[in-house]
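Notes follow the structure.
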Amino acid sequence: HMYKLTVRLLLALIWGVYIFFICLVPLKLYKLNLVDVFDQIFPAIDIAILYYFSSYSKIRYWLLFLIGMILDQIYQMPTGSNSLVIITANLVLNYANRWFILKDDMTNIIIFSVYSFFVISFRELIFLAKNDYNFQELSIYFYYITTLLSYPILKFLMHKPSMLLTKHV
């Protein structure tokens with residue numbers, strides 16, 4: 001029993017480090033001046049990762065709240081705004097999960113398009129209200145499209161190792 005618990009904790013740590021590295025890649029590319037992470041064309045990797053974990057496992061709301069607070073600092077948004085939208089989107093996702101099988105690939109991608117549209121639209125509205133910023137018509141569309149196109153790739157990068165790690169526990 002102790003051996004299994006140790007292996008389970010070690011695999012959870014490996015999984016957490018792997019997801020951390022997936023999140024770290026865009027920031028390293030930004031530091032190398034290869035890509036601008038805060039540009040409107042770069043995909044919202046955080047939305048894709050949160051959606052993946054919300055659709056394939058249960059995330060506790062206090063954890064979503066903490067993740068939202070961290071994202072508020074990264075995106076320089078008012079405190080609690082990302083927590084509000086992430087928890088609300090997760091509640092809607094859990095409600096939609098009653099009618100749809102989210103583990104089906106096509107359904108998962110369709111639901112992700114609605115989920116990401118909700119989160120991106122809310123972020124854009126808060127950003128515009130906070131900064132009194134001039135609206136750039138096409139930037140939000142490119143941001144949304146690149147996020148949609150990046151989800152299947154990120155899902156593949158997360159799903160295969162997850163299946164391998166959980167198979168051995």
Side-chain angles (χ1 to χ4, degrees), residues 12 15-31 33-100 102 107-155 157-159 162:
W15 178 242
V17 168
Y18 179 73
I19 295 298
F20 175 73
F21 282 138
I22 289 176
C23 294
L24 194 63
V25 167
L27 295 175
K28 288 298 179 185
L29 291 175
Y30 174 71
K31 285 191 176 193
N33 290 327
L34 296 175
V35 70
D36 187 5
V37 177
F38 300 106
D39 189 13
Q40 292 294 323
I41 296 177
F42 196 79
I45 293 177
D46 55 324
I47 295 173
I49 290 173
L50 282 172
Y51 177 79
Y52 173 80
F53 283 115
S54 294
S55 61
Y56 284 96
S57 63
K58 296 290 181 190
I59 300 180
R60 294 198 166 95
Y61 291 111
W62 64 268
L63 185 60
L64 288 174
F65 178 77
L66 288 177
I67 291 170
M69 296 300 275
I70 293 169
L71 290 175
D72 287 337
Q73 300 304 313
I74 292 173
Y75 289 114
Q76 299 174 352
M77 294 184 69
T79 305
S81 59
N82 269 306
S83 297
L84 174 67
V85 73
I86 290 169
I87 290 173
T88 306
N90 199 18
L91 285 169
V92 171
L93 181 67
N94 289 338
Y95 188 69
N97 197 13
R98 295 179 187 173
W99 290 311
F100 303 109
L102 292 180
T107 307
N108 193 283
I109 291 173
I110 291 170
I111 299 292
F112 175 71
S113 66
V114 175
Y115 180 88
S116 62
F117 178 77
F118 176 73
V119 174
I120 289 171
S121 299
F122 183 82
R123 282 185 184 169
E124 190 72 20
L125 286 174
I126 294 293
F127 181 76
L128 291 173
K130 178 184 171 212
N131 295 323
D132 196 27
Y133 190 69
N134 189 7
F135 186 70
Q136 298 173 356
E137 301 91 27
L138 293 178
S139 65
I140 192 167
Y141 299 121
F142 285 119
Y143 187 50
Y144 179 66
I145 289 170
T146 55
T147 302
L148 284 181
L149 295 176
S150 69
Y151 177 69
I153 297 166
L154 288 170
K155 181 183 172 203
L157 289 174
M158 290 183 290
H159 194 67
S162 172

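Residues Ile109 and Leu148 have side chains not in contact (no heavy-atom distance under 4.5 Å, counting atoms from C-beta outward). Side-chain contact between Leu71 and Ile86 is present, with heavy atoms from C-beta onward closer than 4.5 Å. Side-chain contact between Thr147 and Phe112: present, with at least one pair of heavy atoms (C-beta onward) separated by less than 4.5 Å. Counting only heavy atoms from C-beta outward, the side chains of Val85 and Thr88 never approach each other to under 4.5 Å. Residues Leu50 and Tyr115 form a side-chain contact, since some pair of their non-hydrogen atoms from C-beta on lies under 4.5 Å apart. Annotation: side chain of Val114 is not in contact with side chain of Phe118 (no heavy-atom distance under 4.5 Å).
Between the OG1 atom in Thr79 and the CD atom in Gln73 there is a gap of 5.5 Å [rounded to 0.5 Å]. Here OG of Ser121 is found 8.0 Å from OH of Tyr144. Values are rounded to the nearest 0.5 Å. The structure places CG of Leu91 at 10.0 Å from OG of Ser54, a figure rounded to the nearest 0.5 Å. With rounding to the nearest 0.5 angstrom, the CD1 atom of Ile59 is 6.0 Å from the CD1 atom of Ile67. Rounded to the nearest 0.5 Å, atoms CG (Leu66) and CH2 (Trp62) are 6.5 Å apart. The distance from the CG atom of Leu84 to the CZ atom of Phe122 is 5.0 Å, given to the nearest 0.5 Å.
No donor-acceptor pair under 3.5 Å is formed between the side chain of Asp72 and the backbone N or O of Met77.
Atom CZ of Phe53 has more than 12 heavy atoms from other residues, nucleotides or ligands within 6.0 Å. Around the CZ atom of Phe117, the shell of radius 6.0 Å holds no more than 12 heavy atoms that belong to other residues, nucleotides or ligands.
Taking both residues in full, the closest heavy atoms of Met69 and Ser83 are given as N-OG, 3.3 Å, listed atom of the first, atom of the second, then distance. Contact between Asn108 and Ser55 at its shortest, heavy atoms only, is ND2-OG, 3.4 Å. Minimum heavy-atom separation, Ser113 to Ser116: O-OG, 3.3 Å.
Checking Tyr51 against Asn90 by side-chain atom types alone, no donor-acceptor pair falls below 3.5 Å.
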